[in-house]
Amino acid sequence: MAEALSNGQVHLAYEGEIAVITLDNPPVNSSTDAVRRGILHALASLDRARARAVLLTGAGRNLMAGADLRELENEPTEPTLPQVTAALEACPLPVIALIKGHTLGGGLELALACDARLATANANVGLPEVTVGIIPGAGGTQRLPRAVGMGTALDMIVSGKPIKAAKALELGVVDHLLSTSDEAEQQAEALAFARQYQGGKRPLSARPVAAEDKAALRTRAQKLVAAARGLPAAAVAAEVVLAADEMSFAQAIGKERAAFLALRGSQAAQALRYLFFAERAEPYVPAQPTEARVLERVAVIGAGTMGSGIALCALQAGCTVDLLELNAQALAAGVKRIEDELTRDVERQRLSADKRDAILARLTASQDIQTVAKADLVIEAIIEDMAAKQALFQQLVAQVSSDTLLATNTSYLDIDAIAEGIPHPERVLGLHFFSPAHRMALLEVVRGRSTGEQALCAALKFAERLKKKAMSELTVAYPYTPTPLSSKSMG
């Protein structure tokens, strides 16, 4: 196969009468400026006298596993992915996509802009953008309904869940499954398909949306949005998908793009991207071998929604918990929240009544600050007021031992300022839980200037005991976090 051109990330070559455009941006062929420019250059450079069809494929295991999320931190630059999908549709030659591996997000949008789609048996396809706070922004919300119907498109886009190749074939996302698992044979089979292809240009944008009961679709959308709790873009995704049969394709992709651009810089999207990278970060390894201390007794100060959620986390992990709150009514409400949550687990048969009672037996509710005296760890979850937190920490050091860890749940206040004047400041750190604390999977561990490695390792072990993914400024390097190597927690 003779290569005609390459920009390093995209190659154009000819296999007889088939032009082959190969995305080559390891490790997953993610969408970047260079990749998008390369695709456009390859399309513009096609020798139409020589080729009868184009095969769009990817080097390695994937066609394209999605966008480079780091690009979303900056203003969009041209060429954009919508310009690329428009160019694929406008190409005078039929374009056939070879879907393989993880073909997600922008990768599936590329494939949907082609005239036919082949897939390997082990491929996964999906539009998971809602899970990082955005929606598909290159025609996915409008081409997918035309391929599979509105109801199925709602299911896939609002949930963000990918599907396997066999299901994609059944639904109509792909047209043909390859019969071999050998990569060389897959390429040969795809080329044979392209040589025999007689379908011509058949862009999904020209296909009408199949009629479905709109009231039933709206009910379905409402249920999907409710199930996507914690994904604020889900409601926007549903609205944009439902517009597919209400306006022209051009109008609808304009609506999609406007929604995408509005969401990409939102605080929720930034936080979800931060979470995405945090979950994939390498675990923190101390400079010197350190045996992590086990924290058995935890005092939580503040019985509001956050404090009671933190207390419940620790209780469910087997810790003994002291929940402190000066206001008797607020304390009672915090305990009731914990009791109600555990009772709901009993009703859902996730927990036995005996186990619920055993968990509650490890909970002590108190208005007396002296209750913290036996704690291995104290977590404050009071109001976000610097003076109040500093005053509380000064009270705490008079009650606890010198090796008791002192943690703040602050989402943005300076931990070094909170720790100022505290004896043994190496025990002070941030433990930022995300709301609701007993459900969210992440726990941000924030190291102040004086936080010692023993305290940090103990906190990370505690996070593991809580079955939470611990992230810290020492393990996460991503543009969203305002705390790289600092003592401010994520806001």
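Along the sequence shown, the residues carry numbers beginning at 1. Both backbone and side-chain heavy atoms feed into the values below; hydrogens, waters and symmetry mates do not.
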Asks: Assess the side chains of Thr371 and Asp322: does a donor N or O sit below 3.5 Å from an acceptor N or O?
Replies: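 Not at all, the side chains of Thr371 and Asp322 share no donor-acceptor pair under 3.5 Å.
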Asks: For the residue pair Ala244 and Val209, what are the closest heavy atoms and their distance?
Replies: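 Reported closest heavy-atom pair: O-CG2, 3.6 Å.
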Asks: Thr141 and Glu256: side-chain hydrogen bond (donor to acceptor under 3.5 Å, both in side chains), yes or no, with the steps?
Replies: CA-CA 7 Å; Thr141 65; Glu256 173 198 83; 2.6 Å; yes
Asks: Side-chain contact, heavy-atom cut-off 4.5 Å: Gln394 with Ile422?
Replies: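 Gln394 vs Ile422: side chains touch.
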Asks: Atom CD of residue position Gln454 - does it have more than 12 heavy atoms of other residues, nucleotides or ligands inside 6.0 Å?
Replies: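 Counting other residues, nucleotides and ligands, CD of Gln454 stays at 12 neighbours or fewer.
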Asks: Do the side chains of Asp376 and Arg293 get close enough for a salt bridge, i.e. N-O under 4.0 angstrom?
Replies: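 The answer is yes: the pair qualifies as a salt bridge.
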Asks: So, applying side-chain contact (heavy atoms from CB on, under 4.5 Å) with Val400, which one of Arg427, Lys374, Gln395 is it?
Replies: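 Per the side-chain contact (heavy atoms from CB on, under 4.5 Å) rule, the option paired with Val400 is Arg427, out of Arg427, Lys374, Gln395.
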Asks: Can you tell me if Arg117 uses its side chain to pair, donor with acceptor, with the backbone of Leu169 under 3.5 Å?
Replies: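 No, because the side chain of Arg117 does not come within donor-acceptor range (under 3.5 Å) of the backbone of Leu169.
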Asks: Tell me whether Glu246 is salt-bridged to Lys214, with the criterion being a basic N under 4.0 Å from an acidic carboxylate O.
Replies: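 Salt bridge between Glu246 and Lys214, a charged N being under 4.0 Å from a carboxylate O: yes.
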Asks: Output all residues satisfying side-chain hydrogen bond (donor to acceptor under 3.5 Å, both in side chains) with Glu380, sequence neighbours left out; order by chain, then residue number.
Replies: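 For Glu380, the residues satisfying side-chain hydrogen bond (donor to acceptor under 3.5 Å, both in side chains) (neighbours in sequence not counted) are Lys389, Thr408.
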Asks: Any sub-3.5 Å donor-acceptor pair from Asn29's side-chain atoms to Gly58's backbone N or O?
Replies: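 Between the backbone of Gly58 and the side chain of Asn29 there is no qualifying donor-acceptor contact (under 3.5 Å).
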Asks: Between Asp155 and Arg220, is there a side-chain N and carboxylate O pair less than 4.0 Å apart?
Replies: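 Here Asp155 pairs with Arg220 in a salt bridge, since their nearest N and O are under 4.0 Å apart.
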Asks: Can any side-chain N or O of Thr404 pair as donor or acceptor with the backbone N or O of Ala375 at less than 3.5 Å?
Replies: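 Answer holds: yes.
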Asks: Which atom names give the shortest non-hydrogen contact between Leu104 and Pro162, and what distance separates them?
Replies: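 Minimum heavy-atom contact is CD2-CB, 3.9 Å.
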Asks: Quick check: closest heavy atoms across Ala314 and Leu466, and the distance to 0.1 Å?
Replies: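 Heavy atoms only, the tightest pair is CA-CD2, 3.8 Å.
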Asks: Are any of the side-chain nitrogens in Glu170 or Lys167 under 4.0 Å away from the carboxylate oxygens of its partner?
Replies: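 Salt bridge flag = yes for Lys167 with Glu170.
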Asks: Begin with the C-alpha distance, continue with both residues' side-chain angles, and end with the deciding distance and a verdict on side-chain hydrogen bond (donor to acceptor under 3.5 Å, both in side chains) for Glu426 and Thr451.
Replies: CA-CA 4 Å; Glu426 68 276 1; Thr451 306; over 6 Å; no
Asks: Start with the C-alpha distance between Thr180 and Asp182, add both sets of side-chain angles, then the distance that settles side-chain hydrogen bond (donor to acceptor under 3.5 Å, both in side chains), and finish with yes or no.
Replies: CA-CA 6 Å; Thr180 177; Asp182 181 85; 5.3 Å; no
Asks: With distance as the sole criterion, is a donor-acceptor pair present between the side chains of Thr120 and Asn122 under 3.5 Å?
Replies: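 Yes, because at least one side-chain N or O of Thr120 sits under 3.5 Å from a partner of the opposite role on Asn122.
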Asks: Checking Glu339 against Arg356 for the salt bridge (Lys or Arg N to Asp or Glu O under 4.0 Å) test, could you report, in this order, the C-alpha distance in whole Å, the side-chain angles of both residues, the deciding distance, and whether it holds?
Replies: CA-CA 8 Å; Glu339 292 172 342; Arg356 174 200 58 195; over 6 Å; no
Asks: Apply the test side-chain contact (heavy atoms from CB on, under 4.5 Å) to residues Asp245 and Met150: give CA-CA distance (whole Å), side-chain angles for both, the deciding distance (0.1 Å), then the verdict.
Replies: CA-CA 9 Å; Asp245 66 350; Met150 293 276 282; 3.9 Å; yes
Asks: Set out, in order, the CA-CA distance, both residues' side-chain angles and the distance that settles salt bridge (Lys or Arg N to Asp or Glu O under 4.0 Å) for Glu341 and Lys336, then state yes or no.
Replies: CA-CA 8 Å; Glu341 190 65 34; Lys336 187 173 188 305; over 6 Å; no
Asks: Considering non-hydrogen atoms only, spot the tightest contact between Thr85 and Glu109 and give its length.
Replies: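 Here Thr85 and Glu109 meet closest at CG2-O, 3.7 Å.
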Asks: Quick check: are there more than 12 heavy atoms from other residues, nucleotides or ligands sitting under 6.0 Å from CD of Glu420?
Replies: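 Open.
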Asks: For Asp354 and Ser352, what are the C-alpha separation, side-chain angles and deciding distance, and is it a side-chain hydrogen bond (donor to acceptor under 3.5 Å, both in side chains)?
Replies: CA-CA 5 Å; Asp354 287 347; Ser352 69; 5.5 Å; no
Asks: For the pair Thr152 (side chain) and Gly149 (backbone), establish whether a donor and an acceptor sit closer than 3.5 Å, ignoring hydrogens and angles.
Replies: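 Such a contact is absent between Thr152 side chain and Gly149 backbone.
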Asks: Between Lys468 (side chain) and Ala437 (backbone), is there a donor-acceptor pair under 3.5 Å?
Replies: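 Yes: the side chain of Lys468 pairs with the backbone of Ala437.
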Asks: When you measure from the side chain of Asn62 to the backbone of Thr103, do you find a donor-acceptor pair of N or O atoms at a distance under 3.5 Å?
Replies: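 No.
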Asks: What pairs of residues pass the ring pair (Phe, Tyr, Trp, His ring centres under 6.0 Å) test when at least one of them lies in residues 135-180, not counting sequence neighbours?
Replies: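 Residue pairs with at least one partner in residues 135-180: His176-Phe193.
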Asks: Between Ala165 and Val174, what is the shortest heavy-atom contact and its length?
Replies: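 Heavy-atom minimum between the residues: O-CG2, 4.2 Å.
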Asks: Begin with the C-alpha distance, continue with both residues' side-chain angles, and end with the deciding distance and a verdict on side-chain contact (heavy atoms from CB on, under 4.5 Å) for Ile415 and Leu429.
Replies: CA-CA 7 Å; Ile415 292 170; Leu429 74 161; 5.7 Å; no
Asks: Is a side-chain donor-acceptor pair under 3.5 Å present for Glu296 with Thr320?
Replies: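 Not at all, the side chains of Thr320 and Glu296 share no donor-acceptor pair under 3.5 Å.
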Asks: State whether Arg61 and Glu183 are salt-bridged, where the test is any N-O pair (Lys NZ or Arg NE/NH1/NH2 against Asp/Glu carboxylate O) under 4.0 Å.
Replies: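 Between Glu183 and Arg61 there is no salt bridge, as every charged N stays at least 4.0 Å from the carboxylate O atoms.
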Asks: Taking all non-hydrogen atoms of both residues into account, name the closest pair between Gly140 and Pro136 and its distance.
Replies: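 Smallest heavy-atom distance, with atoms named: CA-CB, 4.1 Å.
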Asks: Check whether more than 12 heavy atoms from other residues, nucleotides or ligands sit under 6.0 Å from atom CD of Glu464, and answer yes or no.
Replies: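 It does not: Glu464 CD has 12 such atoms or fewer within range.
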